[in-house]
Each structure stands twice: as C-alpha cells, then as structure tokens.
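Excluded from the calculations below are hydrogen atoms, water molecules and symmetry mates; all remaining heavy atoms, backbone and side chain alike, are included. The residues of the chain are indexed from 1 along the displayed sequence. Indexing begins at 1, ligand by ligand and atom by atom, following the structure's order.
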Amino acid sequence: MVNKPIAVGVLALQGGVVEHLNLLRKASAHIQSADNLQFTFNEVRTPPQLAQCDALILPGGESTTMAIVASRLGLLEPLRTFVKVQHKPVWGTCAGLVMLAEEAAATKQGGQELIGGLNVRVLRNRYGTQMQSFVAGLDLSFLGDSGKDDPFRAVFIRAPIVEKIITEGEVDGSKGSKVEVLGVFRAEGQQARLEQGGEAEKGDIVAVRQGNVFGTSFHPELTNDIRIHVWWLRQVVDALGHGK
Ligand SMILES: NC(=O)CC[C@H](N)C(=O)O
C-alpha cells in the first residue's frame, strides 16, 4: 500500500532554504523506496501553506529578521500552534534553533519574538562573528554506528548554543518530554584541559531534542552529508505512524 505523501515544509522567509530542500530530496531517496513512502518538499511563506505541512524545518539565517517577517505575515501564532499544540515534528538549524527556544540571551534590546517549544535558553552568536565561522568534527551517537566512526563535519556560522536547560516548569510544546542533549562541541582549549586531567568540562550543547522538537546549532544543509536529514525524516515518519 502506498501512503499519502508526507508533506515536509521549509520556512522560506529568509536564510538557507534551498540548501535544506536539496538535502531533504537527496535524503528522502534513501528511505522512500525501502519503506514505500512518498514525500513532498515545499517552501512555506503563508499560514495556508503551513497548514498543509506534516513537518517543518526552520533554516539558518537571522532569527530577529525571521521573527519580524513571520510576525508581519501572521505566521508566528500558527507556527506556535504547529509546534506546541499540534506537536508536529520540527527541526531548527542555527537561527531556527534560536526561534524554537523558550528563551534567548544576547538578543537586541527589548528582546525578540520566539516560537518556543524547546525548554532551553540559547546564547546567540556564541562563537563570534561571521568571520569566526568554523567547521568541527562532532561525534553524534544518535546517528548510530556511523556517528561514532565518522565524525559529522559541522559548520558553525554565528552559531547559538544551548546555555541552559530550563528544568523548572513545563512548556506547552514538550508534551511532558525531557530535553535530550544529542550533541556537544568542545573547543580545543576545553578538550586539552580535559586530556590533561583537568576539570571535566562538559562542552557546549549544540544539538537537542524535546519530543517533537529538534534543534542544531550548526548547518548540516551546508555539507553533502545527508545523515542528519535521513535521521530526521525517519523521526518524522515514525511520528506520523507511517511505514508501519
Ligand atoms: N547562521 C545562523 O543561522 C546565525 C544565527 C544568528 N546569529 C541568529 O542569532 O539568529
């Protein structure tokens, strides 16, 4: 039996939209034939387009700009409903992670509008400016054996980190789920101190999941590595109860 196609959207107000769409298409080729699944991938700019989606990616870019445009287009409340009431699968990369946090530090005066859903506080621009962008190999064990044997080359561009997991209280989006830390980055200095037997520094949290909400500080869509996109699409398939 062929299921109804799974509609995956990419919020296309600003930022790295095409890159996500390209990698989603490549990633989907790895799972659809095996499981008899069909996907559609579309840009999302309006509330009716959002309503068509089963799952959504919020790309990297500039979270303050994205929030202003989303608000003007009447998308902020529908996005909050999508994430926190309908509990549909969402993934935010970089600025997208900022949007999905309940709190953000290092914001402009007066703060910025967020969608929320992840019970965390992010620190924006943790590693400095665009000029200080870098690539680092991350061990991502949620990717299974390949995550351990073959580090993921993660691209950090004015990246946020999760500086605090807010334990008090529940957020609407969490469905009671806990925040899971799925990826940590240790800068060279932190790693060296650890190897010299120094204080075990935990490193910076750069990938988290809470129920239906997933966030990464870095940009898998700017590599040719489809592993996280494949993993996430499988999460979407499971959440929708397809392929069973
Ligand atoms: N590459 C990015 O998405 C940068 C995120 C940006 N610094 C922000 O806070 O929104």
Side-chain angles (χ1 to χ4, degrees), residues 8-24 43-45 56-73 75-76 79-80 82-83 90-138 140 152-166 173 179 182-185 187 203-210 213-225 228-229 232:
V8 178
V10 178
L11 189 67
L13 307 180
Q14 188 259 337
V17 177
V18 175
E19 293 83 355
H20 266 299
L21 287 169
N22 287 342
L23 225 53
L24 280 168
E43 299 185 359
V44 170
R45 289 194 188 82
L56 185 73
I57 288 182
L58 292 111
E62 181 55 51
S63 57
T64 46
T65 309
M66 244 180 251
I68 290 167
V69 179
S71 160
R72 281 195 194 138
L73 295 173
L75 263 168
L76 269 181
L79 282 166
R80 290 184 182 125
F82 191 92
V83 179
V90 286
W91 171 15
T93 53
C94 203
L97 166 63
V98 175
M99 297 287 289
L100 291 171
E102 285 293 323
E103 293 178 15
T107 58
K108 296 216 170 97
Q109 247 192 348
Q112 68 189 85
E113 292 270 18
L114 301 171
I115 296 165
L118 283 171
N119 208 7
V120 302
R121 184 171 73 223
V122 293
L123 170 64
R124 295 178 62 210
N125 305 314
R126 159 71 174 85
Y127 304 106
T129 66
Q130 192 94 359
M131 294 288 281
Q132 290 155 308
S133 301
F134 63 97
V135 179
L138 296 183
L140 298 176
F152 195 94
R153 289 179 60 73
V155 179
F156 291 86
I157 304 169
R158 292 188 302 113
I161 60 161
V162 170
E163 68 168 6
K164 183 169 190 263
I165 294 173
I166 306 163
V179 177
L182 296 186
V184 168
F185 167 67
D204 297 332
I205 299 173
V206 294
V208 286
R209 174 174 60 177
Q210 185 174 15
V213 193
F214 174 52
T216 52
S217 302
F218 49 95
H219 292 270
E221 77 285 6
L222 297 183
T223 68
N224 285 322
D225 193 334
I228 300 183
H229 284 75
W232 183 72

For atom CZ of Arg80, decide whether the heavy atoms of other residues, nucleotides or ligands shown that lie under 6.0 angstrom number more than 12. yes

Just to check, does Met66 reach to within less than 4.0 Å of ligand 1 when the distance is taken from its heavy atoms? no

For Leu140 and Leu182 the tightest heavy-atom approach is CD2-O, 3.8 Å

Starting from atom 9 (O) of ligand 1, locate the nearest protein heavy atom and write down its residue, its atom name and how far away it is, to 0.1 Å. Arg124 NE, 2.6 Å

Centroid-centroid distance, Trp232 to His20, less than 6.0 Å: no

How close do Gly92 and Leu100 get, heavy atom to heavy atom, and via which atoms? N-CD1, 3.4 Å

Which protein heavy atom lies closest to atom 7 (N) of ligand 1, and at what distance to 0.1 Å? Asn125 OD1, 2.6 Å

Could you tell me the residue and atom name of the protein heavy atom closest to atom 2 (C) of ligand 1, and the distance to it rounded to 0.1 Å? Cys94 SG, 2.7 Å

Could you list which atoms of ligand 1 come closer than 4.0 Å to a heavy atom of Gly61? 2 (C), 3 (O), 4 (C), 5 (C), 6 (C)

Suppose I only count heavy atoms of Ser63 and a 4.0 Å limit; which atoms of ligand 1 are within that range? 8 (C), 9 (O), 10 (O)

Do any heavy atoms of Pro160 fall under 4.0 Å from ligand 1? no

Under 3.5 Å: N/O of Gly60 near N/O of ligand 1: no

Does any N/O atom on Thr64 come nearer than 3.5 Å to any N/O atom on ligand 1? no

Counting the benzene-type ring for Trp, do Phe134 and Phe218 have ring centres under 6.0 Å apart? no

Indicate whether the side chain of Ser133 and that of Gln130 have a donor and an acceptor atom separated by less than 3.5 Å. no

Mind telling me whether Tyr127 and Phe156 have parallel, tilted or perpendicular rings, with 30° and 60° as the class edges? perpendicular

